[in-house]
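So the structure is just underneath, and the comments pick up after that.
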6 protein chains.
Amino acid sequence: MQLRLCSWLEVERYLEASTGIIIPIGSTEQHGPNGLVGTDALCPEVIARAAGEREEIMVAPTLSIGMAQHHLCFPGSVTLRPRTLMAVVYDVVQSLARHGFRHLYFLNGHGGNINTVQAAFAEYYADYSLHETPGCETSTHLHLGNWFAGNRVRALSAELFGDAEGSHATCSEVSLTQYAYPEAIKQVEMSPRRAPSGGFRDAVDFRRNYPDGRVGSDPSLASPEAGEKLFEAGIADLLDDYRQLLAR
Amino acid sequence: MQLRLCSWLEVERYLEASTGIIIPIGSTEQHGPNGLVGTDALCPEVIARAAGEREEIMVAPTLSIGMAQHHLCFPGSVTLRPRTLMAVVYDVVQSLARHGFRHLYFLNGHGGNINTVQAAFAEYYADYSLHETPGCETSTHLHLGNWFAGNRVRALSAELFGDAEGSHATCSEVSLTQYAYPEAIKQVEMSPRRAPSGGFRDAVDFRRNYPDGRVGSDPSLASPEAGEKLFEAGIADLLDDYRQLLAR
Amino acid sequence: MQLRLCSWLEVERYLEASTGIIIPIGSTEQHGPNGLVGTDALCPEVIARAAGEREEIMVAPTLSIGMAQHHLCFPGSVTLRPRTLMAVVYDVVQSLARHGFRHLYFLNGHGGNINTVQAAFAEYYADYSLHETPGCETSTHLHLGNWFAGNRVRALSAELFGDAEGSHATCSEVSLTQYAYPEAIKQVEMSPRRAPSGGFRDAVDFRRNYPDGRVGSDPSLASPEAGEKLFEAGIADLLDDYRQLLAR
Amino acid sequence: MQLRLCSWLEVERYLEASTGIIIPIGSTEQHGPNGLVGTDALCPEVIARAAGEREEIMVAPTLSIGMAQHHLCFPGSVTLRPRTLMAVVYDVVQSLARHGFRHLYFLNGHGGNINTVQAAFAEYYADYSLHETPGCETSTHLHLGNWFAGNRVRALSAELFGDAEGSHATCSEVSLTQYAYPEAIKQVEMSPRRAPSGGFRDAVDFRRNYPDGRVGSDPSLASPEAGEKLFEAGIADLLDDYRQLLAR
Amino acid sequence: MQLRLCSWLEVERYLEASTGIIIPIGSTEQHGPNGLVGTDALCPEVIARAAGEREEIMVAPTLSIGMAQHHLCFPGSVTLRPRTLMAVVYDVVQSLARHGFRHLYFLNGHGGNINTVQAAFAEYYADYSLHETPGCETSTHLHLGNWFAGNRVRALSAELFGDAEGSHATCSEVSLTQYAYPEAIKQVEMSPRRAPSGGFRDAVDFRRNYPDGRVGSDPSLASPEAGEKLFEAGIADLLDDYRQLLAR
Amino acid sequence: MQLRLCSWLEVERYLEASTGIIIPIGSTEQHGPNGLVGTDALCPEVIARAAGEREEIMVAPTLSIGMAQHHLCFPGSVTLRPRTLMAVVYDVVQSLARHGFRHLYFLNGHGGNINTVQAAFAEYYADYSLHETPGCETSTHLHLGNWFAGNRVRALSAELFGDAEGSHATCSEVSLTQYAYPEAIKQVEMSPRRAPSGGFRDAVDFRRNYPDGRVGSDPSLASPEAGEKLFEAGIADLLDDYRQLLAR
C-alpha cells in the first residue's frame, strides 16, 4: 500500500489494524559511469513498495534527497545539509506520530545518510528526555534499516560479486536498478576495472580520489538478473526486520 | 529526461546544451474522500515527466512533502514546517546551481507551498544582496509555477466543472490522478455534494470547518477522461512557461 | 489608541472589551527618486493610527523593517532575511496571544513581505497542528491585509493614476506620504516618465533593471491632495476588513 | 535627518560626507501604572531624532520591540526571544554596512536589551574572525549607548530624584515621555510610594515580586519639566558619545 | 564534590540534601606572552572545585570553550559563536533542571562570556514567559558570578597590582594559574611593561591593537604567592555568593 | 602538551613543526552503580593527555558534555541536543583550522556521540562542497576515533572480561577510571550480576529497560589493574591511528 495512492479514509482504516509504516529514504547523487543518479532512492523504493504490496504494509513517499555533500563535484548530485535533513526527518516523524503511527521503519539506500538520520532520531527523543513534565515519553519507535546490509542481501552480494562489490556505485545497487529500470541501463567502458578505495572529505577531495565516481567497485559486473535476486533478498530481509520492529 | 534515471555523464552532456531543469514539488496530504494523499505531488510529477520526455528537459526527483500543517487532523497527512521546507528548497537550489543549472523551474502542486517556496527564493537571493563583496550577484533564475494555474488548465477546469471545481480536493486534481493512476480510483459517496468554502487556521480548525477534507469542491464529478485533457493542457502550459524562463 | 502611549492598566481595560489589535508592518527601502525610504512603513502606520483613533482600536508599534533584499543596491535600504522576519512575526504573535489578543490584523505596506509573513503564520499554526497533545488548537486569528489592495484604494488609485500607478514607488504610496509628511516632499526630475516593468532576482539584478528604483510608475504624478483621498479610502477599507476579522 | 523621510538619493549624498548613523532601539513593555508601554522605544527615539536634526546625523527607524520576556505577565508587553533580536540586529548591521555606513551607534532605551545586542555584535564580528580568508576583517564599528547612562543624564537624574529614581519605570524615563507626549500623561495613585527592588527570573516571578510593574521607583515624582531637562542632557550625552565613535 | 567523579546514586543522594550546583565556565584563548591559553577555564575550575570540596557542593564539569572571537588571530584560541554558546548553556540548564537542581551558579572566568550567557538565561526564561499555559513558570534560579569580580578578589588585586592589573591577561589570573599549575610557569620578556588599553572589534582589529595579546596589564608582576592569596579570596567570595543564591 | 597549559607563543612554535591536534570528546552521564558520571570524558582525556606528553602532541581541552539524551532519567546526566553538539564541533573545527591545524583527531569516549559528530563533520565539509566558488576545498582532515574500539583495547577487553564487558558502563571504562581516579572507586552491590541488553529510545524508556543504568555489563569485575593495562593499550592504539591521520 502506497500512502500516496490512498485516501485519508483508507489510512484511517489501516491505522485500526496496524501502527507500522515504511519510509524509503535515499539520495540523489552520482553513481559512477553506469549507475543512475537516483540509485540510492530507487533501491529502497522498489523494495519497500513490493514488500508493502505483498504484506499490506503502508509505504510513505520516498525521501529522495539525502546527505550527499561529497558528490557535489559530479553533475546531477543534490544534497541537503545535515541540519536540513535532520529537520526533514524530525517533521516527518512528528507528522506520522500525530496520526498514531508508532513503528516507523526508515528503509535507507545511502550510507551517507546514516549518521544524520540517527542524529535526527536522537533530536526527536531528546525533546521527550528533556521535557519539563517528568516522566514524559514518546511511544514512537524509530528504526533505520539499510537495504544493502541485510543478511540475505549481503550473502548474495558476496556470492555474486566478491570484492568487486565495492562501497559506492556497487555492483549490487547498479544491478537492482537495472532490474527495476531496464530502460535506463547504460553501456559504459570503465577503467580501471575496479575503482580505488579509501576515504574522502569534501567534494573536491572526493573527485580527486575517485575520478569517475566509483569507490572500490566494478559495476560492469552488474546485471538485471543479479538485480532480481537482490530484489527478492531485500524484500525478505526487510520483512524480517520490519516484523521485529512491530513486535517491540 | 528524469535526473534519477541518468548517469552523471549524461547530466554533464545535458548541461552543455541546456541550463534548465524542472523540479516537481508537491505535498502529502488528505484530498477528501476520493482524492489521493499524494495528489499534490503526483500531479506536477506526471506533467513534468511527460513534458520532460517530449522536449528533452531534465526533471529532478519530486519533492513530495510540502507545507501541509492545516491537514494534520486527517490521517496520512505529512508536513514540513515552513522553515524546514525553506531549508530544503535552499539546499536544492544551491546544489543545482553548483553544477551550472541556471534556470530552475519549480512546478508546484500545492497552494499551501507558495508562500514558503517564495520566501526560500528570497532567502537565497538575500545571501547575494547582503554579500560582503559589493556587486556580487547570482546568475540563477528561480521560478515557481503552479500546474493548476496555467491558462489552458484554468480554462478547461472552468469549462468542465464550473463552480464545483472548489479550492481543495478539486475536480481537476482528482481527475488528473484518476487518469494517471486508474488503479487507485475510489468510489465514495460524498455529502453534501459540494463542500463548504472559507478560511482556516490550524489543523483542528480546518477539520472542524471541512469535516471530510474537501473545500468548495464536488470531486464526484472527476473522471479519468477529464484528467487526460487536463494532463495535456498542463503540459502545454508548462512548456510555454518554461520556455519563457529559459529566455531570461 | 496607540499601544506605545498606553499604560498596561489601560491595555488590561481594553482587553475586557476587545480582543483585536492592528499591527502596522512595512519596510525600509528605496522608493525611487521622490519617494521616501520609509514609505512602506509610514503608509500603514498613518492609516492604522487614524483608524485606531476613530474607532478605539489598539494599534501596535510599527514593524518598520521588512523583507527588502532586492533593494539593497540603493543606499538606505535595510532588510531582514526571510527567516529573521518570520521569527519576529512569530514572537510578536506569541506575545500578544499571551495577553488575550485573539484577532491580530497585520496591516502591511510592502508586497515583498507577504510571502514571508504568511509563512510565519503557518509556522505558528504548525506548532499547534503538530502538538503532542491531540486536539490542541490556538484561538488566535492571524490576518494580513495590504493597505494598497483594499477595494476603495484600488478603485481610487485606478481613477487617479491609471497605468502610471506602477508596482513599486507607486503614485499612490508617494501621494499618501506626501499628505502625511508634507515637509518631506521631494522635487526630482525623473526620466523616463514611466519606469520599466518586469521581474527581478537579487539586488544587483534589480538595480540593473530599474536604475532609479521605480517599477512601472510615474510618481511625478503624486500629490498630497491625492494622498488625502487615499488616506480616507485606506481607513475605510481597513475598518471594513478589521470588522470582518473580529466577527470570526 | 530621519532615514525614513529621505529618498535614496539623499542617503547617497549623506554617505559622501559621513559614515555614521544612529539606530534607536527600545522595547514595548509595561512601565508601571503611569508609564507608557512604549517608554523604552520613545525615549531613545526622541533624543536621537532631535540630535539628528541639530547636527545632520542620519537616524534609522526605531527598533521598537526588544527583549522583554520578564514583563510578559503585564498586558501589552511584547518580546523578541534573544535569538530573534540577535538576528534582527545582525541583519540591520549587514544591510547598513552594505551601503558604506561604518559607524553604527545603537541608542538603547532598555537595560534588558544590552546583553543580547552585545551578543549580536559579537556574532557579527565572529563571522570575520572565523573567516576562511586569513586577515579578513570588517571596517564596521558597532556601538551600543544607553541614553539613561550618560554622564549628564545620570547626574541630573540623581539631582532630581535621588533614590526614588529606581531601576524600572524610573522617574527619568517617565518624565521624558511626559515631556515628549504630554497628551498621554496618566494620573494614577501608586502604593507603596516606592516600589520594591531586587531580582527576577521569568514573567510570573517578575509580577509576583513587582505587582504594579515598577522596580525601586516612585514615578509619581515624574514631570514634563524634568523631562525637558533630561531631553537636553540626553542629546548632549549622545552627541559627545557619537563624535567619539566617529573618531575611531 | 565533582559531578564527574560521582556515581548517579551519589548525585541522587546529594539532591535529597541540596538543589545547588556550581558550573565553572571559561574560555580557551590567548592570555599574552606568559599566560596560559586555558587561563579563563582553569581559574574558575580550581576555585569551584576547592569550594566544592570544602563545603560539599556539587561542581559540574568545566565548560572550557567560550566566546572568544576577538582572540582568533592568536594561535590556540578557540571560540564558540554566541548562538552556539547560548545553545550549550540552554541545554545544560535544561538537563540539570530535569534532575531537580534549582540553584545553578555559573562561575565564570571570561568577561567576553557575560553577555552571551545572560542572553542564554533570558532565552530559557522566555520559554516560560511565552508559554501557552498561563501562569507557567520555572523554579530554576540561574546566576552568573565572575570569580575576578568578587569583593575580596578585587580588593586584593588592587592592593597587589594596582593599575598594572589590566583587563586581559591580568596579573591576577596569571598569578592564580601559576599557583595552580606551577609546572606551566613561563618566563617571557614583555615590552612595553604595561600593555595598551582600549576597545576592539574582530580578531584582526584586536591583534593590531594588542600585538602580544595583553590589554592594559603587566603580568610580569604575577607570582604563585599572589595566586595563592587570590585563590583563597576567590573561594570565600564564591561561597558567600553561592549561599545567597541558595537562600532565594 | 596540553593546549590549556601553553601560551600562544608556544602554540605558534608547535604549529611550525606539526599541524596535528587531539581533541578529547566525551559525555557527562550515568555509568551504573559503580561508574563515574564523567567516565566518557575522563577516559579519552587521560589517554589523550598521556599520549600527548609522550609524543609532544598538542591536546585540546576536553569537550565534556556530549549527546546523552537517553540517560536523562538518571541524576547527574547532562546532554546537548544533537544540533547543539554539531554547532560546538563545527565552531571548534573552524577555530582550529583558522590557526593552521590541519589534522584534527577527535578522541571519543561515548558511542552516543558518533553519529552527531560525524554529521557535524559533514556539515563542515558541505560548506565547501556547496561553496559558490567552484573548486573550493578545505585542507582540514577531520577524524573521529573511539578509544574503546582500537585493536589493542578490544583484544584486551575481550581477554579480561569476555561477554561481561557489556555496552554501557562497561568493565573496561570503569577499570580505566579506577586506575586514573583511585580515590573515586565505589563499592556497590549490583544485581543481577550482568545487566540486560537491548535497545532504547528516550530517557524514560532507557531507565525502564536498564533500571540501574548498566547495559549488558558486569562492572563489578572492573579493577585499577585492568585499567592500567587498558590505559597503555589505549595510548598505543591512539598513537597508531593519529600517525595515520598525520600521514594523509
Side-chain angles (χ1 to χ4, degrees), chain A residues 2-12 14-15 26 28-39 41-42 58 60-65 68 71-81 83-85 87-88 90-92 94-96 98-100 177 181 183-184 186 188 203 212-213, chain B residues 2-12 14-15 26 28-39 41-42 58 60-65 68 71-81 83-85 87-88 90-92 94-96 98-100 177 181 183-184 186 188 203 212-213:
Chain A
Q2 294 185 37
L3 177 59
R4 58 183 202 153
L5 298 184
C6 293
S7 72
W8 70 265
L9 290 161
E10 291 169 331
V11 181
E12 192 172 60
Y14 175 88
L15 279 161
T28 295
E29 61 181 51
Q30 69 84 14
H31 269 75
N34 74 338
L36 310 183
V37 168
T39 300
L42 297 170
M58 188 65 74
T62 304
L63 303 174
S64 299
I65 317 282
H71 295 295
L72 261 282
C73 281
F74 292 90
S77 303
V78 179
T79 193
L80 300 183
R81 285 178 165 80
R83 64 175 183 261
T84 305
L85 182 53
V88 168
Y90 187 100
D91 288 0
V92 168
Q94 254 200 331
S95 297
L96 293 172
R98 177 80 179 68
H99 302 307
T177 58
Y181 292 88
E183 71 276 22
K186 328 280 175 198
V188 194
D212 71 2
Chain B
Q2 295 185 37
L3 178 58
R4 58 182 200 155
L5 299 184
C6 292
S7 72
W8 71 264
L9 290 161
E10 290 168 330
V11 181
E12 193 172 60
Y14 176 88
L15 279 161
T28 295
E29 59 180 52
Q30 68 86 14
H31 270 76
N34 73 339
L36 309 184
V37 168
T39 301
L42 297 170
M58 188 64 74
T62 304
L63 302 174
S64 298
I65 317 282
H71 295 295
L72 262 281
C73 281
F74 292 91
S77 303
V78 179
T79 193
L80 299 183
R81 284 177 165 81
R83 64 175 183 263
T84 305
L85 182 54
V88 168
Y90 187 99
D91 288 0
V92 168
Q94 254 199 332
S95 297
L96 293 171
R98 177 81 179 67
H99 301 308
T177 57
Y181 293 87
E183 70 276 22
K186 328 281 175 194
V188 194
D212 71 1

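Each chain gets a letter, A, B and so on, in the order the sequences are listed, and its residues count up from 1.
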Checklist entry - So how far is it from B/Leu9 CG to A/Gln30 CD, rounded to the nearest 0.5 Å? => result 9.0 Å
Item to check | Part of B/Glu10 lying under 4.5 Å from any heavy atom of chain A | outcome: side chain
Item to check | Choice from A/Ser95, A/Gly38, A/Pro75 maximising heavy atom contacts with chain B below 4.5 Å | outcome: A/Pro75
Next on the checklist: My understanding is that only one of A/Thr62, A/Thr28, A/Leu42 makes a side-chain contact (heavy atoms from CB on, under 4.5 Å) with B/Arg4; could you say which?
Outcome noted: A/Leu42
Checklist outcome for this item: When the 4.5 angstrom heavy-atom criterion is applied to A/Gln2 and chain B, the contacting part is neither
Next on the checklist: Report which part of A/Tyr14 has an atom under 4.5 Å of a heavy atom belonging to chain B: side chain, backbone, both, or neither.
Outcome noted: neither
Checklist outcome for this item: Between the CG atom in A/Asp91 and the CG atom in B/Leu85, the distance rounded to the nearest 0.5 Å is 9.5 Å
Checklist entry - Quick one: what part of A/Gln94 sits under 4.5 Å from any heavy atom of chain B, side chain, backbone, both or neither? => result side chain
Item to check | Interface residue of largest heavy-atom contact number with chain B, from A/Asp212, A/Leu72, A/Thr177, under 4.5 Å | outcome: A/Leu72
Checklist entry - Which answer fits A/Pro61, side chain, backbone, both or neither, if we ask what part of it has an atom under 4.5 Å from a heavy atom of chain B? => result side chain
Item to check | Choice from A/Asn34, A/Leu80, A/Leu63, A/Leu15 maximising heavy atom contacts with chain B below 4.5 Å | outcome: A/Leu80
Checklist entry - With chain B, which of A/Thr84, A/Val92, A/Leu96 has the greatest number of heavy-atom pairs at distances under 4.5 Å? => result A/Thr84
Next on the checklist: Using a 4.5 angstrom heavy-atom cutoff, name the option from A/Gly100, A/Ser64, A/Cys6 with the most pairs to chain B.
Outcome noted: A/Cys6
Checklist outcome for this item: One should read off an interatomic distance between B/His99 NE2 and A/Phe74 CZ, to the nearest 0.5 angstrom, of 10.5 Å
Checklist entry - Is it the side chain or the backbone of A/Thr79 that comes within 4.5 Å of chain B heavy atoms, both, or neither? => result both
Checklist entry - Do any pairs count as a salt bridge (Lys or Arg N to Asp or Glu O under 4.0 Å) and have a residue in residues 71-80 of chain A, sequence neighbours left out, and if so which ones? => result none
Next on the checklist: I need the minimum non-hydrogen distance between A/Leu5 and B/Leu36, along with the two atoms involved.
Outcome noted: O-CD2, 3.4 Å
Checklist outcome for this item: Checked A/Arg98, A/Glu183, A/His31 vs chain B; the most non-hydrogen pairs under 4.5 Å come from A/Arg98
Checklist outcome for this item: Closest non-hydrogen atoms of A/Ser7 and B/Gly32, given as atom of the first, atom of the second and distance, are CB-O, 4.2 Å
Item to check | Leading residue by heavy atom contact count with chain A [cutoff under 4.5 Å; candidates B/Ser77, B/Gly213, B/Ala41, B/Ala184] | outcome: B/Ser77
